[in-house]
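Atoms within a ligand are numbered from 1 in the order they appear, just like the ligands themselves. Just so you know, these numbers use all the heavy atoms, side chains as well, and skip hydrogens, waters and symmetry mates. For the single chain, residues carry numbers from 1 onward in sequence order.
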Amino acid sequence: MTDIFSAVQLGDLTLANRIVMAPMTRCRAGAQDEPTPEIAEYYRQRAGAGLIVSEGVQPSIHGKGYYRTPGIHDPFQIEAWRTVNHGVHAAGGRIVMQLMHCGRASAEANKAPGAETVAPSAIASRHALYTPAGMAAPPVPRALETHEIAGVIEEFVQASVNAREAGFDGVELHCTSGYLPMQFLATGTNRRSDRYGGSPQNRARFVVEALEAMAAAIGAGRVGFRISPGSPYNDMQDDEPVETYRALLQATDRLGLAYVHVINVPIPSLDPLPFVRGNWNGPVIGNNELTLESAGRLLATGLVDAVSFGRLFISNPDLVERFRCGEALTEPDRRTFYAGDALGYTDYPTLEARMPA
Ligand SMILES: Cc1cc2nc3c(=O)[nH]c(=O)nc-3n(C[C@H](O)[C@H](O)[C@H](O)COP(=O)(O)O)c2cc1C
């Protein structure tokens, strides 16, 4: 039986345990979309994870869709991320940056002047987004011209290089939750007639080319990606998820990437974890509503090499220690998930802090 506390190798990433902190947008970046000292403290507190996957970070001004999400496209941001990574590494942790390009899932009010909303096809999302002025409907995105796509991939490549320069151990390409890479994958958002649309292989091409280029720039063993096959989240629709994700996994399997991170949401045509194991030979991280017990059972099936926890890491900075000691867990407060300050962010106590002196 695989011990959740045992070390594991994901590509070039050596994890001290198999407990990964899932990526979580917390909308607390500074005025120049940089990570603040509070953000550095938040990640430092959670360095006991075998691997931290950062919140979604935009590779360019165009990739931003939400309020107060951080970027990695400006020297000032790179410098600020150095502080985050230094803190995590000094505490013995590992951290990769999740690269999130929102594509059509964007509110114009959250974007910098001059930033565009682009997508594979000019089809607006019906999912409203928070802005400081209230909820806003996303605009109809501009469909990318074929000749522009290499430039978008270059944004991911440069962001990966910047992430390494800032001290991240690697990067994770966010291909779930209805953002740009998933917009290319799904039939509902990709109506293209060029080589990036139509067949499953064509719809997978954007993600495959992006991962290939990122791997060439920083090493395949430092690049992972995240998927949730067939998930409808964020107004998504895919008529053939089995074909789409088989094409994607088979094309990326040969790249020798660090891992695929799977949000496990079974749909009638597809049970994600057995499906991924059947089409992919590299490491797999499994996610979604896991507990210590269910994660242990999942590891025992051999379908995953590591497991990730999201909300439990929000409210339990020392989650790994608590698991190890069998200690009670703190419930997260949803009201402070997004935006705000230290409240519900860096003020959740550790076991140590609760111990009497
Ligand atoms: C506040 C919050 C923000 C999230 N932001 C992201 C994100 O930026 N990128 C991503 O891939 N998933 C994001 N997720 C999804 C989580 O990574 C994870 O898949 C989800 O919470 C299920 O895991 P859990 O049951 O352990 O919380 C977010 C979830 C929460 C609760």
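- Close contacts of ligand 1 with Ala22, meaning ligand atoms under 4.0 Å from a residue heavy atom, involve 17 (O).
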**Request:** Check the pair Glu41 / Arg44 against salt bridge (Lys or Arg N to Asp or Glu O under 4.0 Å), numbers first and verdict last.
**Result:** CA-CA 5 Å; Glu41 174 60 9; Arg44 188 199 64 76; 3.0 Å; yes
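- The protein atom (non-hydrogen) at minimum distance from atom 9 (N) of ligand 1 is Gln98 OE1, 2.8 Å.
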**Request:** Determine, stepwise, if the pair Phe309 / Phe323 fulfils ring-ring contact (aromatic ring centres under 6.0 Å, His included).
**Result:** CA-CA 12 Å; Phe309 298 85; Phe323 279 164; 5.2 Å; yes
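- Those atoms of ligand 1 with a heavy atom of Gly56 less than 4.0 angstrom away are 8 (O).
- Of all protein heavy atoms, the one closest to atom 26 (O) of ligand 1 is Gly310 N, 2.8 Å.
- Scanning the protein for heavy atoms near atom 11 (O) of ligand 1, the closest one is Arg226 NH1, 2.7 Å.
- Gln183 and Thr189 share no donor-acceptor pair across their side chains, judged by distance under 3.5 Å alone.
- Formation of a donor-acceptor pair under 3.5 Å by the Trp81 side chain with backbone atoms of Glu165 is not found in this model.
- Closest to atom 18 (C) of ligand 1 among all protein heavy atoms lies Asn287 OD1, 3.5 Å.
- If you number the atoms of ligand 1 from 1 as listed, the ones under 4.0 Å from a heavy atom of Phe337 come out as 1 (C), 31 (C).
- Among protein heavy atoms, atom 25 (O) of ligand 1 sits closest to Arg311 NH2, 2.6 Å.
- Counting only N and O atoms by type, the side chains of Thr117 and Arg104 include no donor and acceptor under 3.5 Å apart.
- With distances taken over non-hydrogen atoms, the option nearest atom 8 (O) of ligand 1 out of Thr25, Asn264, Val20, Ile227 is Thr25.
- Residue, atom and distance of the protein heavy atom nearest to atom 29 (C) of ligand 1 are Met24 CG, 3.8 Å.
- Ranking the protein heavy atoms by distance from atom 2 (C) of ligand 1 puts Tyr338 OH, 3.4 Å first.
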Could you list the donor-acceptor pairs under 3.5 angstrom formed by side chains in residues 337-345, with sequence neighbours left out?
| unit_1 | atom_1 | unit_2 | atom_2 | d |
| --- | --- | --- | --- | --- |
| Asp341 | OD1 | Leu343 | N | 3.1 |

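- Atoms CZ and CZ, from Arg28 and Arg68 in turn, are 8.0 Å apart once rounded to the nearest 0.5 Å.
- In terms of protein heavy-atom proximity, atom 6 (C) of ligand 1 is nearest to Pro23 O, 3.2 Å.
- Using cut-offs of 30° and 60° for the angle between ring planes, the Tyr233 and His127 rings count as tilted.
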Could you go through residues 217-225 and list every donor-acceptor pair under 3.5 Å that involves a side-chain atom there, pairing it with any protein atom two or more places apart or in another chain?
| unit_1 | atom_1 | unit_2 | atom_2 | d |
| --- | --- | --- | --- | --- |
| Arg222 | NH1 | Asp169 | O | 2.9 |

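- Of the polar atoms of Ser308, none of the N or O atoms is found under 3.5 Å from an N or O of ligand 1, judged by distance alone.
- Residue Asn288 places a heavy atom less than 4.0 Å from ligand 1.
- Close approach of ligand 1 to Phe309 is summarised as follows: ligand atoms under 4.0 Å from at least one heavy atom of the residue are 26 (O).
- One hydrophobic cluster, built from ILVMFWY side chains closer than 4.5 Å, holds both Val304 and Tyr245.
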